[in-house]
Protein chains: 4
Amino acid sequence: MNKWIGTGRLGQDPEIRYTSSGKCVASFNLAVTEGYGDKQVTNWIPIVAWEKLAESAGNNLSKGSRVLVDGRIQIRSFEANDGSKRRVAEVVAQSIEFLERKQAAAGNSGEIDINSFGKEVFPDEEIPFS
Amino acid sequence: MNKWIGTGRLGQDPEIRYTSSGKCVASFNLAVTEGYGDKQVTNWIPIVAWEKLAESAGNNLSKGSRVLVDGRIQIRSFEANDGSKRRVAEVVAQSIEFLERKQAAAGNSGEIDINSFGKEVFPDEEIPFS
Amino acid sequence: MNKWIGTGRLGQDPEIRYTSSGKCVASFNLAVTEGYGDKQVTNWIPIVAWEKLAESAGNNLSKGSRVLVDGRIQIRSFEANDGSKRRVAEVVAQSIEFLERKQAAAGNSGEIDINSFGKEVFPDEEIPFS
Amino acid sequence: MNKWIGTGRLGQDPEIRYTSSGKCVASFNLAVTEGYGDKQVTNWIPIVAWEKLAESAGNNLSKGSRVLVDGRIQIRSFEANDGSKRRVAEVVAQSIEFLERKQAAAGNSGEIDINSFGKEVFPDEEIPFS
DNA sequence: TTTT
DNA sequence: TTTT
């Protein structure tokens with residue numbers, strides 16, 4: 001058994017890519033907050049989804065959306081910029097329950113989409129597991 | 001919610017340390033195998049336990065012991081050897097069910113020395129999360 | 001290990017009682033729906049919470065509220081009306097995450113009265129486990 | 001989400017039946033024990049498995065076997081002996097990890113199979129949920 | 001980087 | 001009804 005269940009909010013819109021064989025992959029970081037008051041702690045947990053689940057995430061989720069994820073931890077090897085071999089971990093989603101869906105696109109409502117002015121940088125850094 | 005539940009075997013004896021304030025900390029890597037036949041995949045997941053749970057792990061577990069762990073994913077910051085800041089992830093155990101306890105020391109019984117069946121190296125490297 | 005994790009909506013306002021020793025107990029049935037389209041199935045799962053968690057449920061939840069429950073299955077003995085001994089099961093909540101809080105009382109807002117959308121009867125019958 | 005994860009030991013050999021359409025069904029009660037020392041509590045949780053999983057349970061498990069079950073709670077309607085309609089609950093297994101397999105049949109070892117002399121009665125009673 |  |  002290798003099961004992770006967690007709730008949180010997306011730190012950014014899901015990033016959608018396609019493998020060379022055409023499989024859809026969605027990835028995002030999830031802010032998982034535990035505790036109350038001044039004991040609150042947030043862990044940013046990287047989530048990956050594949051195929052139909054990835055497409056659904058792309059269609060239904062955006063920055064700030066709240067989700068319930070059921071998945072497993074996966075350790076993945078990759079080559080760092082300096083050529084060294086590293087391992088990274090992430091949660092591969094098996095199901096995602098949408099607790100809050102995508103916000104309406106800016107222009108569809110009277111609201112300004114504050115997310116479209118963001119300038120934050122999300123370095124493509126790999127977060128080590130262990 | 002931030003919950004991980006997994007089963008596996010310890011890759012090495014638990015490493016027991018004490019913080020400067022005297023708290024006991026146990027850490028080990030868990031081989032979590034999923035799938036059947038030639039679709040088997042093993043993820044090595046780093047586990048950390050604190051205080052009474054850590055002491056209990058130290059007293060009852062050894063390399064090869066099978067456990068059921070209930071815990072949460074934690075992302076931890078640390079400074080790499082080159083001075084750069086990195087984040088690592090691990091599972092902080094909330095409970096550990098011992099499915100197989102510590103083996104008697106080799107030589108004390110007619111049993112196989114469980115320590116003899118693997119030569120894998122577990123470098124003290126930090127495994128990235130994401 | 002004995003852990004249940006589920007999401008759903010309350011079928012009625014939580015019922016709040018106090019034991020003779022003054023402990024608060026909340027109970028409600030949770031509509032847990034799985035599957036999609038015409039394969040949707042709903043199971044009504046009885047939830048019980050104690051003390052602070054019960055008070056919090058009473059203050060924050062009402063019929064239709066969506067929750068994420070983490071708890072354990074408990075089998076409880078009781079005497080049926082005909083004097084026979086029966087066992088019932090329920091989920092004893094260890095934590096409840098409020099995905100939607102209590103609705104304002106009907107008439108206070110332009111919102112639909114969430115209490116109007118169902119006519120199901122929840123007899124105070126004991127639902128057998130097994 | 002409707003997920004139960006639990007560990008325990010089978011109270012009896014799995015009961016194997018087949019539906020009229022030929023599907024295999026296995027059922028057994030699981031002794032799920034929590035707590036330590038004199039605070040130990042055991043809940044007997046009914047488990048049902050279908051098809052390949054049921055066959056595997058029949059082939060690998062027996063009274064006393066330790067398992068890790070991943071499944072969901074299901075409420076099922078049935079007609080009681082007195083003609084009244086009742087609902088029962090059980091855990092429908094989605095996966096079963098065998099932590100201890102079937103005992104060798106009596107006669108295969110020097111051990112007496114104490115289980116073959118049992119006279120306990122397991123009434124086909126339905127345990128209510130709620 | 002999310003939110004309350 | 002299981003086990004430690």
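Chain identifiers are assigned alphabetically (A, B, ...) following the order of the sequence lines, protein sequences preceding nucleic acid strands; residue numbering begins at 1 within each chain.
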Rounded distance in Å - [atom1] ([X]) to [atom2] ([N]):
X	N	atom1	atom2	answer
D/Leu61	F/dT3	CG	P	13 Å
A/Asp38	E/dT4	CG	C1'	14 Å
C/Ile75	F/dT2	CD1	P	17 Å
D/Ile47	F/dT2	CD1	C1'	13 Å
C/Glu97	E/dT3	CD	C1'	12 Å
A/Phe28	E/dT2	CZ	P	15 Å
A/Arg9	E/dT3	CZ	P	7 Å
D/Glu15	F/dT2	CD	P	17 Å

Taking the minimum atom-to-atom distance to the side chain of [X], which one of [options] wins?
X	options	result
D/Gln40	F/dT2, F/dT4, E/dT2	F/dT4
A/Ala31	E/dT4, E/dT2, F/dT2	E/dT2
A/Lys63	E/dT4, E/dT2, F/dT4	E/dT2

Can you see whether B/Glu79 engages B/Ser84 through a side-chain donor-acceptor pair at a distance of less than 3.5 angstrom?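 No, no side-chain donor-acceptor contact under 3.5 Å.
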Quick one: are C/Leu99 and C/Val67 in side-chain contact, heavy atoms under 4.5 Å?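 Side-chain contact under 4.5 Å: no.
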From A/Val41, A/Thr42, A/Asn43, residue fulfilling side chain to side chain contact (heavy atoms under 4.5 Å, CB included) relative to B/Asn2: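 The single option meeting the side chain to side chain contact (heavy atoms under 4.5 Å, CB included) with B/Asn2 is A/Asn43.
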Count the heavy atoms of every other residue, nucleotide or ligand shown that sit under 6.0 Å from CG of C/Asp82, and state whether that count exceeds 12. yes
